[in-house]
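Okay, structure first, notes after.
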Amino acid sequence: MRVVIIGASFAGVAAAFEVRHIHPDAEIMLLEKQDTLGYIPSGLHLYWDKKISDLDEARFVTEGQLDKHGIVYHLNATVQKVNTTQKIITYDQHDLSDQLSYDKLIIAAGSRQLSEKITGSAQESVLKYKRYDEAQAVLIKVEESEHITIIGGGQVGVEAADLLTTMEKQVTLVESMDYVLFKYLDEDMIKPIEKNMTEKGVDLRMRQTVSSVEMESDQKVTVCLGEGSVTSDAVIMGVNVRPHLPFLDKTIKQHTDQTIAVDRYLRTSVEDVFAVGDCIQLSGPGEDRVYVPLINNAVRTGIVAAANLIEPSRTFKGSLRTIGTRVFGKYIASTGMTEAESLFTDRTVESHRQEVRLTSLADSDTVTLKYVYDAKTHELLGAQMISDANILEKINVLALAIQSKQTLEDLQQTDYFFNPAYSQMTATTNLIAWMDERADEDEN
């Protein structure tokens with residue numbers, strides 16, 4: 001059996017390793033359009049944060065690891081056409097055209113940073129750094145720039161703003177919503193972050209929609225907004241990525257947002273063709289299907305598709321949009337439904353917000369914790385955390401609790417260790433409402 005995987009980023013590589021585990025004798029081939037293997041899309045942030053000393057260190061897999069598992073890979077291979085009737089893939093490599101047959105096909109082609117709604121977003125003056133070669137170019141441009149405008153206040157945009165202000169760059173951040181990180185945290189939880197951003201000199205332009213980006217004669221770049229404009233030395237595109245799949249056979253059904261339609265087993269409308277990662281929509285924290293281009297989702301979809309190659313045996317459990325990061329002096333984490341989006345569900349939903357001490361010691365750090373739950377069943381639906389201390393791993397416990405449909409009462413009974421130097425008499429993730437450090441206050 002020959003399994004061809006289009007794309008060698010997280011989803012594609014995870015699928016390849018899982019196929020090898022399940023099917024030791026399979027012939028596995030990866031087609032990757034980049035000339036480098038295993039680059040981490042946030043590698044530039046790691047470099048700016050001095051976590052790595054060279055962009056080449058931002059790798060999640062090496063050629064040696066693929067070779068060890070007998071996985072063949074072709075770099076600089078751009079797929080031009082997929083013929084699902086004949087099961088043939090046409091691709092270009094080093095200016096030469098070639099063809100490859102398959103028995104099973106997994107489309108893991110990833111996504112690109114581009115907004116069709118913003119005129120001029122595709123030009124080189126609008127910086128994008130999801131790919132290795134793009135990140136190298138951005139390094140040079142940012143070094144010579146003093147004022148940088150970031151379009152998008154999601155995780156990428158806020159992380160970039162934090163790192164650039166640390167580098168003493170003047171930063172303007174433009175976001176169309178009422179507050180940053182709106183997909184992951186409620187407005188009451190994000191206030192400390194926005195306060196710190198303003199104090200560090202970030203010019204926040206909330207509720208502003210970007211219409212176009214224009215290059216000026218003096219090499220400056222102007223971002224045109226609904227109300228006015230911003231002119232700076234460089235512009236970074238931090239808006240959501242989107243799939244780019246011009247090679248698809250027309251028999252493979254797509255949604256209106258150009259994602260590939262898949263079932264619970266990640267099968268497409270064509271037999272023996274699967275799609276994963278940033279190419280597909282996923283079931284979200286509610287009952288709806290949404291586009292959630294996160295690496296943790298890419299890896300999990302790759303594993304599930306590989307498990308279903310011969311027959312459907314494993315369904316994908318959906319995405320809770322679990323994230324964790326550190327920005328502007330605060331560790332933040334989120335999973336599942338926010339209170340803001342609970343307005344769009346048929347469930348009766350309630351939330352609780354509290355501040356909890358992390359240890360039993362007098363100088364203990366605290367975490368502001370908010371959890372969203374079903375008012376009738378008390379099933380946990382979502383959770384958010386913000387703290388000066390590193391609480392990121394704790395969100396994984398709550399993500400697992402949501403996946404397994406645990407109630408608040410179940411979590412109160414979860415058995416955790418106690419050590420006064422590392423924990424309270426109950427753990428943070430026991431969600432004990434009376435463990436408040438203080439009563440909630442209006443932080444305005």
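Below, each value reflects all heavy atoms present in this structure, side chains not excepted, and no hydrogens, waters or symmetry copies.
Heavy atoms only, all atoms of each residue included: Thr165 and Phe328 are closest at OG1-CE2, 3.9 Å. Contact detail for Arg20 and Pro24: the closest heavy-atom pair is NH1-O, 3.0 Å. Nearest heavy atom pair, residue Asp162 against residue Val327, reads OD2-CA, 3.5 Å. In plain terms, the two heavy atoms of Ala383 and Leu398 that are nearest each other are CB-CD1, 3.5 Å. Across all non-hydrogen atoms, the minimal contact from Ala108 to Val276 is CB-CG2, 3.5 Å. Taking both residues in full, the closest heavy atoms of Arg314 and Ile303 are given as NH1-CG2, 3.6 Å, listed atom of the first, atom of the second, then distance.
Side-chain atoms of Gln155 and Leu181, non-hydrogen and from C-beta on, do get closer than 4.5 Å to each other. Counting only heavy atoms from C-beta outward, the side chains of Phe60 and Tyr39 never approach each other to under 4.5 Å. Met385 places none of its side-chain heavy atoms less than 4.5 Å from the side chain of Tyr331. Under the 4.5 Å side-chain criterion, counting only non-hydrogen atoms from C-beta, Glu159 is in contact with Thr325. For the pair Arg59/Ile40, no side-chain contact is recorded, criterion being any heavy-atom separation below 4.5 Å from C-beta on. Between Val290 and Gln281, the closest side-chain pair of non-hydrogen atoms is not below 4.5 Å. Thr166 places a side-chain heavy atom less than 4.5 Å from the side chain of Lys200. Arg205 places a side-chain heavy atom less than 4.5 Å from the side chain of Val230.
Here the side chain of Asp272 pairs no donor or acceptor atom with the backbone of Lys104 at under 3.5 angstrom. Side chain of Asp35 to main chain of Asn76: no donor-acceptor pair is present (N/O by atom type, distance under 3.5 Å, no hydrogens or angles). Between the side chain of Arg326 and the backbone N or O of Ile332 there is no donor-acceptor pair closer than 3.5 Å. Side-chain atoms of Tyr184 never come within 3.5 Å of backbone atoms of Gly154 as a donor-acceptor pair (strictly under, hydrogens ignored).
A side-chain donor from one of Thr429 and Tyr416 sits under 3.5 Å from a side-chain acceptor of the other. The closest side-chain donor-acceptor pair between Gln424 and Thr426, if any, does not fall under 3.5 angstrom. Using modelled atom types, one finds a donor on one side chain and an acceptor on the other under 3.5 Å when comparing Glu339 with Ser351. If you check the side chains of Tyr129 and His45, you find a donor sitting under 3.5 Å from an acceptor. For the residue pair Gln93 / Asp98, no side-chain donor-acceptor distance below 3.5 Å is found, with atom types taken as modelled. For the residue pair Thr90 and Gln80, no side-chain donor N or O sits within less than 3.5 Å of a side-chain acceptor on the partner. Using modelled atom types and a 3.5 Å distance limit, the side chains of Asp92 and Thr78 yield no donor-acceptor pair. With no hydrogens or angles considered, a side-chain donor-acceptor pair links His244 and Arg112 at under 3.5 Å. Side chain to side chain, Thr84 and Thr251 meet the donor-acceptor criterion of an N or O pair below 3.5 Å. Defined by atom type and a distance below 3.5 Å, a donor-acceptor pair is missing between the side-chain atoms of Gln254 and Thr259. A side-chain N or O of His147 and one of Thr172 form a donor-acceptor pair less than 3.5 Å apart. With no hydrogens or angles considered, no side-chain donor-acceptor pair links Thr119 and Ser212 at under 3.5 Å. Under the 3.5 Å distance criterion, with hydrogens and angles disregarded, a donor-acceptor pair is assigned to the side chains of Tyr132 and Asp56.
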Review item, side-chain donor-acceptor pairs of residues 389-397, under 3.5 Å, at least two apart:
from   : atom 1 : to     : atom 2 : distance (Å)
Asn390 : OD1    : Leu392 : N      : 3.2
Glu393 : OE1    : Asn396 : ND2    : 3.0

Give the intermediate values and the outcome of ring-ring contact (aromatic ring centres under 6.0 Å, His included) for residues Phe316 and Tyr265.
-> CA-CA 6 Å; Phe316 183 67; Tyr265 303 97; over 10 Å; no
Report the C-alpha separation of Arg321 and Glu341 in whole Å, then their side-chain angles, then the decisive distance to 0.1 Å, and conclude whether the salt bridge (charged side-chain N to carboxylate O under 4.0 Å, His left out) test is met.
-> CA-CA 13 Å; Arg321 293 193 316 246; Glu341 69 184 344; 2.7 Å; yes
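Under the side-chain contact (heavy atoms from CB on, under 4.5 Å) rule, Thr322 has a single partner from Val292, Leu294, Ile402, Thr335, which is Thr335.
Ring orientation note: the planes of Tyr373 and Tyr371 are tilted relative to one another, at an angle of 30° to 60°.
With respect to the salt-bridge test (charged N to carboxylate O, under 4.0 angstrom), the residues Glu199 and Lys195 qualify.
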